[in-house]
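What you see is a predicted model; the values in this text were computed from it and never measured.
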Amino acid sequence: MTIVDTPERRQLRELTRAFVTKEVLPYLDDWERAGEVPRSLHETAAKIGLLGVGFAESVGGSGGDLLDSILVTEEVIRSGGSSGLIAALFTHGIALPHMVASRDDGLIDRYVRPTLAGTMIGALAITEPDGGSDVAGIRTCARRDGDHYVVNGSKTYITSGVRSDFVTTAVCTDFPGSGALSLLVIEKGTPGFTVGRRLEKLGWHCSDTAELSFVDVRVPVTNRIGPEDTGFLAIMQQFATERLSLATQAYATAQRCVELATRWCRDRSTFGRPLASRQLVRHRLAEMHTRAEAARAYVHDVAERVAAGEPVVTEVAMAKNVAVAACDFVVDAALQLHGGFGYLRDAEVERHYRDARILGIGGGTTEIMNEIIAKGMGL
Ligand SMILES: Cc1cc2nc3c(=O)[nH]c(=O)nc-3n(C[C@H](O)[C@H](O)[C@H](O)COP(=O)(O)OP(=O)(O)OC[C@H]3O[C@@H](n4cnc5c(N)ncnc54)[C@H](O)[C@@H]3O)c2cc1C
């Protein structure tokens with residue numbers, strides 16, 4: 001099974017590839033060293049309609065569905081971009097969907113449209129210093145006070161948290177750890193809301209990651225997404241697209257590394273012959289290619305089912321784990337085939353090797369996916 005190719009999708013691939021070639025590749029290394037991508041990149045991506053893919057035109061998007069978003073993610077990475085770039089430039093893919101689903105015109109006008117136009121940056125804050133896997137255990141609290149909530153607590157590991165203008169924040173609207181969650185949009189600059197350390201990481205260097213602190217932050221009730229205490233369900237419903245995006249980043253990274261390693265093994269000679277002439281090397285490349293292709297086919301299959309509205313929570317978890325396992329195997333093998341050069345910052349595989357490690361942690365770890373799969377098996 002593969003995502004059906006249409007003339008529009010072929011055009012979308014070409015648009016994405018041209019964008020990466022012209023607007024990303026000459027600068028990516030600088031952004032990796034700077035620790036963030038420039039705001040202007042969001043505007044450029046918005047102008048050509050790339051930022052809004054997967055969001056309806058009625059909320060300021062460019063149309064298309066989950067499958068189109070997957071194609072964009074795939075093509076960004078296969079054109080030489082990276083999963084870190086996806087995390088930084090497409091953070092709105094996790095920050096906005098709850099607002100869109102709530103159909104709250106006020107929130108859509110204030111946050112969704114400007115973000116899809118590239119003039120605002122949003123982030124999603126669920127994880128707390130005490131833990132990320134146990135979403136129901138969130139301790140950041142929002143106490144109602146008239147037409148405001150008063151928020152206290154902290155969040156960590158928040159993608160685009162340094163640059164974001166607003167943060168879709170999961171808060172507890174009952175006692176801490178009660179599981180009664182709501183989502184509040186909290187604007188940068190609100191008194192008591194501070195961005196702490198910019199966190200340094202193994203990979204995803206061009207994607208800024210922050211700690212956030214909330215001390216008596218007054219947030220208007222109108223900034224709540226959907227009814228009170230419905231946050232947990234809203235978060236779980238949107239996890240499917242986040243997990244499929246991470247699965248896509250994983251198989252696309254694997255595909256890119258197969259291409260890089262194949263090229264390298266054709267060009268590089270040892271003991272008087274190209275590496276690719278050795279059976280051992282050819283078989284290693286064949287295994288890498290097989291795992292990447294199998295992961296791609298399965299992720300596409302599950303994505304088609306999600307797009308068709310099927311309840312495939314277990315399959316989404318399996319797709320993430322299958323793609324992450326393929327990616328982990330391939331990036332390691334690709335780096336090894338590059339020898340010493342693979343370990344240098346100059347080598348693209350070096351970046352993919354580092355970037356790949358987060359894919360089995362973010363959006364629900366491999367172990368949490370296994371819990372979901374076990375539940376789906378009735379265990
Ligand atoms: C670069 C980066 C970007 C991120 N971006 C965001 C973001 O934008 N927004 C956001 O909210 N979060 C973000 N996260 C946080 C990420 O989602 C969490 O790190 C992840 O969910 C795991 O939570 P934790 O780190 O608290 O680990 P923990 O929950 O403390 O888990 C630690 C280990 O224990 C395992 N474990 C936990 N519970 C069980 C169990 N019941 N059975 C077996 N094993 C278990 C886990 O699998 C893991 O291996 C980001 C993290 C990183 C590193």
Side-chain angles (χ1 to χ4, degrees), residues 46 51-66 68-69 90-127 135-136 138 140-151 153 155 158-161 164-174 178-188 190 193 212 214 217-245 306-307 309 311 313 316 363:
L51 213 60
V53 170
F55 289 86
E57 289 176 26
S58 58
V59 300
S62 344
D65 60 12
L66 171 69
D68 297 295
S69 309
F90 293 90
T91 321
H92 61 278
I94 56 175
L96 299 183
H98 320 86
M99 276 186 254
V100 173
S102 76
R103 297 167 193 247
D104 183 325
D105 287 336
L107 294 177
I108 289 169
D109 286 345
R110 265 183 297 147
Y111 303 110
V112 177
R113 289 181 198 284
T115 305
L116 295 177
T119 55
M120 265 189 149
I121 294 174
L124 173 70
I126 297 175
T127 306
V135 174
I138 278 174
T140 296
C141 263
R143 181 178 47 81
R144 184 82 184 248
D145 181 23
D147 54 3
H148 282 76
Y149 286 100
V150 180
V151 179
K155 299 285 177 182
I158 304 309
T159 298
S160 296
S164 61
D165 302 294
F166 66 89
V167 182
T168 300
T169 311
V171 295
C172 180
T173 20
D174 203 332
S178 64
L181 305 185
S182 301
L183 288 169
L184 298 180
V185 185
I186 307 184
E187 286 189 22
K188 198 69 80 54
T190 311
F193 173 22
L212 310 177
F214 306 95
V217 180
R218 293 184 70 79
V219 182
V221 169
T222 47
N223 275 28
R224 191 187 64 220
I225 304 174
E228 198 169 271
D229 295 346
T230 59
F232 187 78
L233 186 66
I235 291 167
M236 293 302 142
Q237 280 168 344
Q238 299 304 335
F239 261 148
T241 42
E242 179 177 3
R243 286 172 184 163
L244 282 173
S245 170
V306 170
V313 178
V316 168

Between [X] and [Y], which heavy-atom pair has the shortest distance, and what is it?
X	Y	result
A125	V167	CB-CG1, 3.4 Å
L116	G60	CB-O, 3.6 Å
K155	T140	CE-OG1, 3.7 Å

Should [X] and [Y] count as side-chain neighbours, where that means a heavy-atom distance under 4.5 Å?
X	Y	value
L181	V135	yes
Q237	F232	no
E187	D165	no
V59	L96	no
C172	S178	yes
L183	R224	no
L244	V306	yes
R144	T173	no

query = Among all residues two or more places apart in sequence or in another chain, which pass the ring-ring contact (aromatic ring centres under 6.0 Å, His included) test with F193?
reply =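 F193 satisfies ring-ring contact (aromatic ring centres under 6.0 Å, His included) with F214 only.
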query = Who passes ring-ring contact (aromatic ring centres under 6.0 Å, His included) against H92, sequence neighbours left out?
reply =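 Once residues adjacent in sequence are excluded, the partners of H92 under the ring-ring contact (aromatic ring centres under 6.0 Å, His included) criterion are F55, F90.
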Non-neighbouring partners of D104 that pass salt bridge (charged side-chain N to carboxylate O under 4.0 Å, His left out), sequence neighbours left out =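 With sequence neighbours excluded, D104 shows a salt bridge (charged side-chain N to carboxylate O under 4.0 Å, His left out) to no residue whatsoever.
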query = Can you name the salt bridge (charged side-chain N to carboxylate O under 4.0 Å, His left out) partners of D229, sequence neighbours left out?
reply =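 Residues passing salt bridge (charged side-chain N to carboxylate O under 4.0 Å, His left out) with D229: none at all.
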message = Could you go through F166 and K188, starting from their C-alpha distance and side-chain angles, then the distance that decides it, and tell me whether this counts as side-chain contact (heavy atoms from CB on, under 4.5 Å)?
response = CA-CA 6 Å; F166 66 89; K188 198 69 80 54; over 6 Å; no
Test of understanding: with side chain to side chain contact (heavy atoms under 4.5 Å, CB included), list the residues that count as partners of [X], not counting sequence neighbours.
X	result
S160	T91, I121, R163, D208
R218	D145, H148, V150
A95	T168
D109	R113

For [X], side-chain hydrogen bond (donor to acceptor under 3.5 Å, both in side chains) partners two or more places apart:
X	answer
S164	none
Q238	none
E228	Y149

Quick check for you: to the nearest 0.5 Å, what is the distance between [X] atom [atom1] and [Y] atom [atom2]?
X	Y	atom1	atom2	result
I108	S102	CD1	OG	5.5 Å
S62	L51	OG	CG	7.5 Å
F239	I94	CZ	CD1	9.0 Å
T222	D147	OG1	CG	8.0 Å
I235	I138	CD1	CD1	5.0 Å
D174	R143	CG	CZ	13.5 Å

request  = Decide if atom CZ of R103 counts as having more than 12 heavy atoms of other residues, nucleotides or ligands within a radius under 6.0 Å.
outcome  = no
inquiry  = Treating S58 as the side-chain partner and A56 as the backbone partner, does any N or O pair qualify as donor plus acceptor under 3.5 Å?
reply    = no
ask   = Is the backbone N or O of V185 less than 3.5 Å from a side-chain atom of T169, with the two atoms forming a donor-acceptor pair by type?
value =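 Not at all, since once roles are kept as given, no pair shorter than 3.5 Å links the two residues.
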request  = Could you walk me through whether L184 and I225 pass side-chain contact (heavy atoms from CB on, under 4.5 Å), step by step?
outcome  = CA-CA 6 Å; L184 298 180; I225 304 174; over 6 Å; no
request  = Give a yes-or-no answer on whether the side chains of Y111 and N223 include a donor-acceptor pair shorter than 3.5 Å.
outcome  = yes
